[in-house]
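Counting from 1, the numbers follow the sequence of the chain as shown.
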Amino acid sequence: LDPAIKNGLITHSEINLIANAAELGVCTSGSILLCSKASCHVCASAVITAGISEVYTYKPADDSDWHMSIKIGQELFKRANVRVTYFDAD
């Protein structure tokens, strides 16, 4: 499967978490997100809209195919005052 098509078909963990919380009636406003990958711009927008106030994740790799999307996501978090803490993968 072509990577561009595959990336359009998958649901990222952030979106999945927010959707599951909504389905279960769990309020995400002011909550903390722990994530194994840095958020892309689409997920960052969803996190902001869901009212999540803090994100803990690993530092993104600069050579990732998602580099630009992650950079935009980081800027969105900054503008929305979402606190992001990065951990080294080591």
Side-chain angles (χ1 to χ4, degrees):
L1 188 59
D2 181 90
I5 293 172
K6 179 186 163 208
N7 289 336
L9 297 175
I10 60 173
T11 301
H12 291 187
S13 61
E14 299 93 329
I15 304 291
N16 191 40
L17 170 107
I18 293 163
N20 280 306
E23 181 179 17
L24 296 171
V26 176
C27 179
T28 55
S29 183
S31 64
I32 297 171
L33 172 67
L34 306 173
C35 203
S36 63
K37 305 267 187 211
S39 298
C40 70
H41 71 281
V42 173
C43 289
S45 292
V47 167
I48 293 163
T49 302
I52 295 170
S53 59
E54 291 185 58
V55 176
Y56 290 84
T57 188
Y58 289 106
K59 287 183 182 174
D62 288 336
D63 60 350
S64 165
D65 291 342
W66 293 90
H67 180 72
M68 275 311 294
S69 182
I70 290 169
K71 284 287 189 196
I72 294 167
Q74 290 171 329
E75 182 62 27
L76 292 173
F77 282 146
K78 182 179 176 183
R79 290 179 184 212
N81 295 314
V82 174
R83 181 177 170 207
V84 181
T85 302
Y86 293 103
F87 299 101
D88 290 321
D90 298 336

- Do Leu33 and Tyr56 have side chains that get closer than 4.5 Å, going by heavy atoms? no
- In Å and rounded to the nearest 0.5 Å, what is the CD1 to CD distance from Ile72 to Gln74? 10.5 Å
- When rounded to the nearest 0.5 Å, the distance separating OG1 of Thr85 from NZ of Lys59 is 11.5 Å
- Item | In one Ile/Leu/Val/Met/Phe/Trp/Tyr side-chain cluster, 4.5 Å: Phe87, Leu34 | yes
- Is any side-chain heavy atom of Glu14 closer than 4.5 Å to a side-chain heavy atom of Cys35? yes
- Do the charged groups of Glu75 and Lys71 touch, with an N to O distance under 4.0 Å? no
- Task: To the nearest 0.5 Å, tell me how far Asp65 CG sits from Ile70 CD1.
- Result: 10.0 Å
- Message: Is there a side-chain contact between Leu76 and Ser45 in this structure, where contact means two heavy atoms from C-beta onward sitting under 4.5 Å apart?
- Response: yes
- Query: Nearest heavy-atom pair of Ser36 and Tyr58: which atoms, and what distance?
  - Reply: O-CD1, 3.4 Å
- Is it true that Phe77 and Met68 fall in one hydrophobic cluster, defined by side-chain heavy atoms closer than 4.5 Å? no
Only pairs under 3.5 Å count here: list side-chain donor-acceptor contacts from residues 18-31, not counting sequence neighbours, and write none if there are none.
{"from": "Asn20", "atom 1": "ND2", "to": "Asn16", "atom 2": "O", "distance (Å)": "2.9"}
{"from": "Asn20", "atom 1": "ND2", "to": "Asn16", "atom 2": "OD1", "distance (Å)": "3.1"}
{"from": "Thr28", "atom 1": "OG1", "to": "Ala50", "atom 2": "O", "distance (Å)": "2.6"}
{"from": "Ser31", "atom 1": "OG", "to": "Thr28", "atom 2": "O", "distance (Å)": "2.6"}

- Item | Note, His41 side chain near Trp66 side chain (heavy atom, < 4.5 Å) | no
- Message: Using every non-hydrogen atom in the two residues, find where Val42 and Ile15 come nearest and quote the distance to one decimal.
- Response: O-CD1, 4.4 Å
- Message: Can you give me the closest heavy-atom contact between Cys40 and Ser69, atom names plus distance?
- Response: CB-OG, 3.1 Å
- Message: Give me the atom names and distance for the closest heavy-atom approach of Ala38 to Thr57.
- Response: N-OG1, 3.4 Å
- Task: Report yes or no: do Tyr86 and Ile32 belong to one cluster of Ile/Leu/Val/Met/Phe/Trp/Tyr joined by side chain heavy-atom distances under 4.5 Å?
- Result: no
